[in-house]
2 protein chains.
Amino acid sequence: METVGQKIRAKRESMGLLLRQVASYLNIDQAILSKIERNERKTNKDIILKLAEVLEFDKEDLLVQFISEKIAYEIANEDCADKVLKAAEQKVKYLKSNLVKI
Amino acid sequence: METVGQKIRAKRESMGLLLRQVASYLNIDQAILSKIERNERKTNKDIILKLAEVLEFDKEDLLVQFISEKIAYEIANEDCADKVLKAAEQKVKYLKSNLVKI
DNA sequence: AATTTTCTTGACATAATTTGTCAAATATAA
DNA sequence: TTATATTTGACAAATTATGTCAAGAAAATT
C-alpha cells in the first residue's frame, strides 16, 4: 500500500520537478520535503493542500489519504483499532447532526 | 451523546469520590481532573486507563470511547470525515496484516 | 573519472502545544 | 456563617512540531 509520501515523490518525479522547486512553492526547505516524501517527517493539512495543487492531485483525495494514514498509524497498534473506527463513525455522525456546536 | 469526561464525572460522583481523591490516585492535580471531566483539557491513554481502574470501567471500553472521541473531534469539521474513516479502516487492516513493521 | 547537480542526513534553533502547579475565586454543603 | 469541594486563570516546564543550514552521499552529466 502506497503512502502519501510515496505518491508525492512518484508524481513529482514523473512531472520532472526537483525537490527545490516544489519546496520553494511550498515555502519550506527542500530538506523537509525530502523527509516528508520518505515518511521521516510529519506534515500538515496546509502543506498537503499546496502539494495537491502543484502536483495536480485531487485535493480531497489527497487529504483523505493523508488524514486516514495519520489515524491508521496512531491506532494500528491498538487491539481495539476496529472498534475505535466504528465508534468514531457514530460520533462523527452525531457531531455533524447539528445537535452539537464544536 | 455522553462524552468520556461526562461518564467519568458521573461515575466518580456516584461512587462518592472527590476530585482530590481520584486525582491523587492518578498523580495529577485535581484542577486537571476537573478540566478533564468538563472537556476543557485533553488527556491521554495512561490517565484513561488509571481512571478505568479506579472508577471500575472496562478498560477497553473506556479506551475505545476515549480514542474514538479524540478522532471524531479531529475530523468532524472535514467534509470528508466519513471517507477518512473508511480509508483508515483499510489502512489499519493492511498495517495489521504483518506485511508492515511500524 | 571528474564535475555538476540533486538529494539526504543530522545538528541545531524556534515556535507551538501539552502537561503540570498553584492559589485565589466561586460554588456547594453542613 | 463556616467548612469543604470545585473551578478558574496565570504561570512554568516538558514535549512535540516546524524550520534552517551546511556538509556528506548519491545520481546525472560532461
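Chain letters run A, B, ... following the sequence lines, proteins first, then strands; residues in each count from 1.
Side-chain N/O atoms of A/S34 include none lying less than 4.0 angstrom from OP1 or OP2 on C/dC7. Considering only side-chain N and O atoms, A/R41 lies nowhere under 4.0 angstrom from the phosphate OP1 or OP2 of C/dT9.
Going from atom CD1 of B/I48 over to atom P of C/dT19 covers 12 Å, rounded to whole Å. Protein atom CD of B/E13 is 19 Å distant from nucleotide atom P of D/dT4, rounded to whole Å. Residue B/L33 contributes atom CG, which lies 12 Å from atom C1' of D/dT7 at whole-angstrom precision. The distance from atom CZ of B/R12 to atom C1' of D/dT7 is 12 Å, rounded to the nearest whole Å. Distance B/D46 CG to D/dA14 P: 18 Å, rounded to the nearest Å. Atom-to-atom, CD of A/E40 to P of D/dA17 comes out at 14 Å; the value is rounded to the nearest Å. If you take NZ of B/K42 and P of C/dA16, they are 16 Å apart, rounded to a whole angstrom. One interatomic measurement links the two molecules: CG of B/L19 to P of C/dT28, which rounds to 14 Å at whole-angstrom precision.
Among the atoms of the strands shown, base atoms are found under 4.0 Å from some heavy atom of A/K35.
Residues B/Y73 and B/I36 do not share a hydrophobic cluster, defined by chaining ILVMFWY side chains whose heavy atoms lie under 4.5 Å apart.
With sequence neighbours left out, the side chain to side chain donor-acceptor pair (under 3.5 Å) criterion links A/E89 to B/K86.
Within the 3.5 Å criterion, the main-chain N or O of B/Q30 finds no donor-acceptor partner in the side chain of B/S34. Side-chain atoms of B/R12 come within 3.5 Å of backbone N or O of B/L17 as a donor-acceptor pair.
Proximity note for A/N44 (side chain, C-beta onward) versus D/dT7, D/dT18, C/dT19: the nearest is D/dT18. Looking at the side chain of A/R38, the nearest of the listed nucleotides C/dC7, D/dT8, C/dT9 is C/dT9.
Among residues at least two apart or in separate chains, salt bridge (Lys or Arg N to Asp or Glu O under 4.0 Å) pairs with a member in residues 44-57 of chain B are A/E78-B/K45, B/E53-B/K59.
Of the residues in residues 24-32 of chain B, B/D29, B/A31, B/I32 come within less than 4.0 Å of DNA chain C through at least one heavy atom, sorted by number.
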query: Where do A/I47 and A/L33 land on the side-chain contact (heavy atoms from CB on, under 4.5 Å) test, with the steps shown first?
result: CA-CA 10 Å; A/I47 286 181; A/L33 182 55; 6.0 Å; no

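One distance of note links CD of B/E40 with CD1 of B/I32; it measures 12.0 Å at 0.5 Å rounding.
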